[in-house]
Amino acid sequence: MSALDETRAALSSVEQQLEEAGASLGTCRLRLEEARRALTRLDPEHPETVVPPGLPRSDDQVERVQNTIELITNTVRDFATRL
């Protein structure tokens, strides 16, 4: 196997791992939303008393990381294409 083939294989592995990480983050966001809904049901008239104030920020941060992973994946694909 040539160095170029090894590089392409490594990039393919990285791309797959990034896709798996993105999928895990998608699941994470779903679970955060489920937790928010469950907590809101505890006191529907005053959800601010049961939903931690950092919960929406957590979702924002997960979304930011998802976007970063997407950018990195596109960069890896572009680099692999240029090889």
Side-chain angles (χ1 to χ4, degrees):
M1 180 181 270
S2 72
L4 184 58
D5 291 335
E6 289 178 20
T7 303
R8 284 185 176 139
L11 289 171
S12 178
S13 176
V14 167
E15 184 179 343
Q16 181 181 1
Q17 291 174 25
L18 287 167
E19 288 175 4
E20 290 171 6
S24 292
L25 288 168
T27 300
C28 176
R29 289 188 76 194
L30 291 173
R31 298 300 178 258
L32 285 170
E33 178 56 23
E34 289 172 0
R36 187 197 61 74
R37 285 194 311 257
L39 290 168
T40 300
R41 284 193 299 269
L42 293 174
D43 191 355
E45 293 181 23
H46 299 40
E48 66 279 358
T49 63
V50 291
V51 176
L55 192 62
R57 185 168 182 263
S58 296
D59 183 65
D60 292 343
Q61 289 177 341
V62 172
E63 182 181 21
R64 183 183 56 81
V65 173
Q66 280 180 305
N67 291 335
T68 301
I69 286 176
E70 186 177 334
L71 289 172
I72 294 168
T73 300
N74 289 337
T75 301
V76 168
R77 286 180 183 153
D78 183 54
F79 183 71
T81 300
R82 291 173 188 237
L83 291 178

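These values consider heavy atoms only, across backbone and side chains, with no hydrogens, waters or symmetry-generated copies.
- Within the structure, the salt bridge (Lys or Arg N to Asp or Glu O under 4.0 Å) test picks out the following pairs touching residues 65-80 (sequence neighbours left out): E15-R77, E19-R77, D78-R82.
- The side chain to side chain donor-acceptor pair (under 3.5 Å) test applied to E33 returns R36, not counting sequence neighbours.
- Contacts of R29 classified as side chain to side chain donor-acceptor pair (under 3.5 Å), with partners at least two apart in sequence or in another chain: D59, Q66.
- Side chain of T68 to backbone of R64: a donor-acceptor contact under 3.5 angstrom is found.
- Not counting sequence neighbours, the partners of S2 by the side chain to side chain donor-acceptor pair (under 3.5 Å) test are D5.
- Here V14 is tied into one hydrophobic group with L4, L11, L18, L25, L32, L39, L42, V50, V51, L55, V62, V65, I69, I72, V76, F79, L83, each link being a pair of ILVMFWY side chains closer than 4.5 Å.
- A salt bridge (Lys or Arg N to Asp or Glu O under 4.0 Å) check over residues 40-49, counting only residues at least two apart or in different chains, returns nothing.
- In this structure, a donor-acceptor pair under 3.5 Å is present between the side chains of Q17 and S13.
- Applying the side chain to side chain donor-acceptor pair (under 3.5 Å) rule to T75 yields no partners; only residues at least two apart in sequence or on another chain are considered.
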